[in-house]
Amino acid sequence: MIGGATQRRDEPEPGLGTLLRMSYQVMAGSVEPALANAGFGDVRSAHLPVIQALSRSSSGLRSTELATYARITKQSMGYLIDSLAAGAYVERVPDPTDQRAKAVCLTPRGWEVSRTIRSAVLDVEADWAERVGAERMKQLRATLSDLVTDFGR
């Protein structure tokens with residue numbers, strides 16, 4: 001049974017990409033309500049890659065780097081950054097390596113969002129560990145980590 005629907009015998013088994021996407025959608029589906037409950041109802045799933053990338057950077061990232069990380073166009077990333085800036089989650093500051101450029105950084109409010117997201121994700125992971133066992137979750141994490149070692153670098 002996948003996503004609440006019973007698979008018909010003549011249908012092919014879902015591909016790994018489909019299962020990964022569906023798993024991500026389950027997580028994102030848990031994150032948005034947690035954000036709304038914490039007072040961040042204007043943050044959407046589309047913002048998650050931006051916040052994730054910025055939470056891993058101490059000096060901020062340029063919008064072009066964020067677009068590459070999220071695998072979206074620079075224009076789409078600009079829209080997401082503008083949206084997050086309007087909510088006071090990010091700010092544009094002079095790039096420490098090139099004063100002509102701007103870096104995007106999380107604000108204190110953005111860091112609160114990052115912590116809320118992380119907490120919601122940990123709740124989903126705990127639920128999954130209860131369902132499939134801690135050892136299988138540990139194996140899943142190790143396998144996925146091996147597969148994405150060079151992602152975003």
Side-chain angles (χ1 to χ4, degrees), residues 2-4 14-132 136-153:
I2 308 272
L16 185 56
T18 299
L19 292 171
L20 289 168
R21 179 184 46 77
M22 292 169 74
S23 299
Y24 175 79
Q25 288 173 326
V26 167
M27 274 223 189
S30 295
V31 167
E32 281 194 25
L35 287 167
N37 289 338
F40 307 117
D42 54 341
V43 177
R44 300 284 179 248
S45 323
H47 296 119
L48 299 183
V50 180
I51 294 167
Q52 177 188 40
L54 292 175
S55 69
R56 300 168 79 192
S57 171
S58 59
S59 59
L61 297 167
R62 292 181 186 185
S63 60
T64 54
E65 294 170 306
L66 288 167
T68 299
Y69 176 82
R71 289 183 161 75
I72 62 175
T73 66
K74 289 182 265 185
Q75 294 82 1
S76 293
M77 181 54 66
Y79 174 80
L80 292 175
I81 293 168
D82 288 344
S83 170
L84 288 168
Y89 301 109
V90 301
E91 63 184 346
R92 292 177 176 94
V93 298
D95 187 314
T97 62
D98 181 354
Q99 293 299 308
R100 299 169 298 166
K102 294 285 186 189
V104 179
C105 298
L106 290 175
T107 63
R109 183 169 165 83
W111 284 107
E112 287 180 49
V113 166
S114 178
R115 287 188 291 275
T116 301
I117 292 167
R118 184 67 185 138
S119 178
V121 167
L122 290 173
D123 287 347
V124 172
E125 289 180 14
D127 176 60
W128 289 355
E130 283 184 28
R131 292 168 61 188
V132 302
R136 286 180 68 196
M137 280 300 293
K138 184 177 173 183
Q139 291 171 346
L140 175 61
R141 178 179 295 286
T143 301
L144 291 173
S145 293
D146 289 346
L147 292 173
V148 299
T149 298
D150 295 327
F151 180 78
R153 292 185 189 169

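Treat the numbers as computed from the prediction; the structure is a model and nothing was measured. Throughout, residue positions are numbered sequentially from 1 according to the sequence presented.
Listed by chain and residue number, Thr73 satisfy the side-chain hydrogen bond (donor to acceptor under 3.5 Å, both in side chains) test with Ser76 (two or more places apart in sequence, or in another chain). With sequence neighbours left out, Gln25 forms a side-chain hydrogen bond (donor to acceptor under 3.5 Å, both in side chains) with Arg21. Partners of Thr143 by side chain to side chain contact (heavy atoms under 4.5 Å, CB included), not counting sequence neighbours, listed by chain and number: Leu147.
Side-chain atoms of Arg109 never come within 3.5 Å of backbone atoms of Leu106 as a donor-acceptor pair (strictly under, hydrogens ignored). In this structure, the side chain of Ser63 does not engage the main chain of Gly78 through any donor-acceptor pair within 3.5 Å.
Annotation: salt bridge (charged side-chain N to carboxylate O under 4.0 Å, His left out) contacts involving residues 78-98, sequence neighbours excluded, comprise Arg62-Asp95, Arg62-Asp98, Asp82-Arg92, Asp98-Arg100. For residues 28-42, the set of pairs meeting the side chain to side chain donor-acceptor pair (under 3.5 Å) definition, not counting sequence neighbours, comprises Glu32-Ser45, Asp42-Tyr89.
With rounding to the nearest 0.5 Å, the separation of CG in Leu35 from CG in Leu48 is 7.0 Å. From Leu80, atom CG reaches atom CG of Leu66 across 9.5 Å, with rounding to the nearest 0.5 Å. In this structure, Thr64 OG1 and Lys74 NZ are separated by 7.0 Å, a value rounded to the nearest 0.5 Å. Within the model, atoms CZ of Arg118 and OG of Ser55 stand 9.5 Å from one another, a figure rounded to the nearest 0.5 Å. Met77 CE to Leu61 CG: the interatomic distance, rounded to the nearest 0.5 Å, is 9.5 Å.
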When the side chains of residues 119-132 are checked against the rest of the protein, which donor-acceptor pairs come out under 3.5 Å, sequence neighbours left out?
| from | atom 1 | to | atom 2 | distance (Å) |
| --- | --- | --- | --- | --- |
| Glu125 | OE1 | Arg141 | NH2 | 2.5 |
| Glu125 | OE2 | Arg141 | NH2 | 3.0 |

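For the pair Thr116 and Val43, the minimum side-chain heavy-atom distance is 4.5 Å or more. Using a 4.5 Å heavy-atom cutoff, the side chains of Arg56 and Tyr69 are in contact. A 4.5 Å side-chain heavy-atom check between Leu84 and Ile51 finds at least one atom pair inside the cut-off.
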Apply side-chain contact (heavy atoms from CB on, under 4.5 Å) to the pair Leu20 and Leu144, showing each step before the final yes or no. CA-CA 10 Å; Leu20 289 168; Leu144 291 173; 4.0 Å; yes
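By the neighbour-count criterion of 12 heavy atoms within 6.0 Å, atom OH of Tyr79 is sparsely surrounded, having that number or fewer from other residues, nucleotides or ligands.
Minimum interatomic distance between Ala103 and Ser59 (heavy atoms only, all atoms of both residues): CB-O, 4.0 Å.
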